[in-house]
Amino acid sequence: MRVISVTWRCDNFSRVMMAVAVDISRFEGVPMAPPDPILGVSEAFRADKNDLKLNLGVGAYRTEELQPYVLNVVKKAENLMLEKGENKEYLPIEGLAAFNKATAELLFGADNPVIKQGRVATLQSLSGTGSLRLAAAFIQRYFPEAKVLISSPTWGNHKNIFNDARVPWSEYRYYDPKTVGLDFEGMIADIQAAPDGSFVLLHGCAHNPTGIDPTPEQWEKIADVIQEKKHMPFFDVAYQGFASGSLDEDASSVRLFVERGLEVFVAQSYSKNLGLYAERIGAINVVCSAPEVANRVKSQLKRLARPMYSNPPIHGARIVANVVGDPVMFGEWKQEMEEMAGRIKNVRQKLYDSLSAKDKSGKDWSFILRQIGMFSYTGLNKTQSDNMTDKWHIYMTKDGRISLAGLSLAKCEYLADAIIDSFHNIS
Ligand code: PLA
């Protein structure tokens, strides 16, 4: 152990301090955490110096030139906000009132009786993730016996969220690798077999990572079982507008459950559909049986939010409130969203065409066209995904998911070569 003496002047007095430099850190017991399976991919991508590199990891929209995209309507709303010279006072714990109104209306439809009757507890929160985390804390506090059912597979962070909130979870079957489609029977059987009163986490649209959604008829059957088992439906709506290009159509799964008079949790995110990734803007909505119940639920969500992060940020909330609240800007947003969804559909088609033309093995790649939203779940395993990155400089998650939002038409052929090589030459 080294002992160093330090002389330290303070006012007119001179004191001698004895400082002990310790060789053993107090953090010896803190191991290095592994990189995040999704956001860690972006870090690795940034470190790669090869010109061919392509980031298909995180689900973030890029232009055809593979540049990040700020929606024109967002810029317009921001300019208006700047002109108004709005202040930076704290928001209430529940967030910006105009945002909360706009976000619930966008989700349920402005004419929905649950809104008119004041049966929805809406809290602006820290985008989709923060909203899910707040709901998880609520479940842990008020439903300590309940477990959450999550789809297999699902967005990787779902498990972290419930683990950190100490909410037990288990998986229900969702993806069938044989059909590269939905394992609907397995899904229903697992939801049926779960203890009554479980929470069932459902992706409102554009399931991540599979890109496979239930049909409207299947949604009805899912709602039947959930209702019968007195489960609580819990929707994660992170891609409203990105599945079909229509905001209303993509909210139809949630609205179907609400129409049945069920109590429902819904987490919302504006990261993707308004491109507000870094603004951390979203909401947690809880549809309740009566306005009085909604008031109590809301009061407890606020109580949970206060010690976690006190109150949410204002900038993104104002953008959403302005865009959704103004008919002209709302129309412009819908158009830009259709364009983004359209660009992804184009690269999806081109990727399929390139794979079909180049792959002489006869493999059927049409599952790529059947998948929807930002992603394609390629079926590549971990070793094959590693080959995509190590040999081809294509960055993707190790579950075989690629973000088509990060792909351009110009890069489709290169990607097809890499997939064919990885698929046929690596086991
Ligand atoms: N829910 C699902 C299903 C998601 O895919 C994501 C984001 C979120 C919630 C949370 O997004 P937010 O907190 O930004 O609102 N998934 C991304 C990014 C796009 C990520 O992993 O954080 C993904 O690449 O899967």
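Residue numbers count from 1 along this sequence. Keep in mind that the numbers below use all heavy atoms, side chains included, and drop hydrogens, waters and symmetry copies. For ligands, and for the atoms within them, numbers begin at 1 and follow the listed sequence. What you see is a predicted model; the values in this text were computed from it and never measured.
- With distances taken over non-hydrogen atoms, the option nearest atom 1 (N) of ligand 1 out of Leu201, Asp236, Asn157 is Asp236.
- For atom 11 (O) of ligand 1, the closest non-hydrogen atom on the protein side is Lys272 NZ, 3.3 Å.
- Those atoms of ligand 1 that come under 4.0 Å of a heavy atom in Val58, given as number and element, are 18 (C), 24 (O).
- Salt bridge Arg260/Asp224: present, at least one basic N to carboxylate O contact under 4.0 Å.
- In this structure, Met374 does not count as a contact residue of ligand 1, since none of its heavy atoms falls inside 4.0 Å of the ligand.
- Of the polar atoms of Gly59, at least one N or O is found under 3.5 Å from an N or O of ligand 1, judged by distance alone.
- Checked against the 6.0 Å centroid threshold, Trp169 and Phe199 do not count as a close aromatic pair.
- Near Ser269, the atoms of ligand 1 lying under 4.0 angstrom from a non-hydrogen atom of the residue are 12 (P), 15 (O).
- Note on Glu279 versus Arg318: no salt bridge recorded, every NZ/NE/NH1/NH2 to OD/OE distance being 4.0 Å or above.
- The shortest N or O to N or O distance between Tyr239 and ligand 1 is below 3.5 Å.
- In this structure, His158 and Trp155 have perpendicular ring planes: the angle between them is above 60°, well past the 30° mark.
- Between Lys358 and Asp417 there is a salt bridge, with a side-chain nitrogen of the basic residue lying less than 4.0 Å from a carboxylate oxygen of the acidic one.
- Using a 4.0 Å cut-off between a side-chain N of Lys or Arg and a carboxylate O of Asp or Glu, Arg296 and Glu292 qualify as a salt bridge.
- Of the candidates Thr389, Thr378, Ile394, Val41, Leu56 forms a side-chain contact (heavy atoms from CB on, under 4.5 Å) with just one, namely Ile394.
- The pair Lys230-Asp196 does not count as a salt bridge, with every side-chain nitrogen at least 4.0 angstrom from each carboxylate oxygen.
- Under the 4.0 angstrom criterion for non-hydrogen atoms, His207 is not in contact with ligand 1.
- The contact set between ligand 1 and Ser271, taken as ligand atoms under 4.0 Å from a residue heavy atom, comprises 12 (P), 14 (O), 15 (O).
- In terms of protein heavy atoms, atom 13 (O) of ligand 1 is closest to Thr129 OG1, 2.5 Å.
- Ligand 1 has an N or O atom lying under 3.5 Å from an N or O atom of Trp155, backbone or side chain.
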Could you walk me through whether Val167 and Gln140 pass the side chain to side chain contact (heavy atoms under 4.5 Å, CB included) check?
-> CA-CA 6 Å; Val167 174; Gln140 195 273 336; 3.7 Å; yes
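- Of all atoms in ligand 1, numbered sequentially from 1 with element shown, those under 4.0 Å from a heavy atom of Arg280 are 12 (P), 13 (O), 14 (O).
- Below 4.0 Å from some heavy atom of Gly128 lie the following atoms of ligand 1, by number and element: 12 (P), 13 (O), 15 (O).
- Listed by number with element, the atoms of ligand 1 under 4.0 Å from a non-hydrogen atom of Arg401 are 23 (C), 24 (O), 25 (O).
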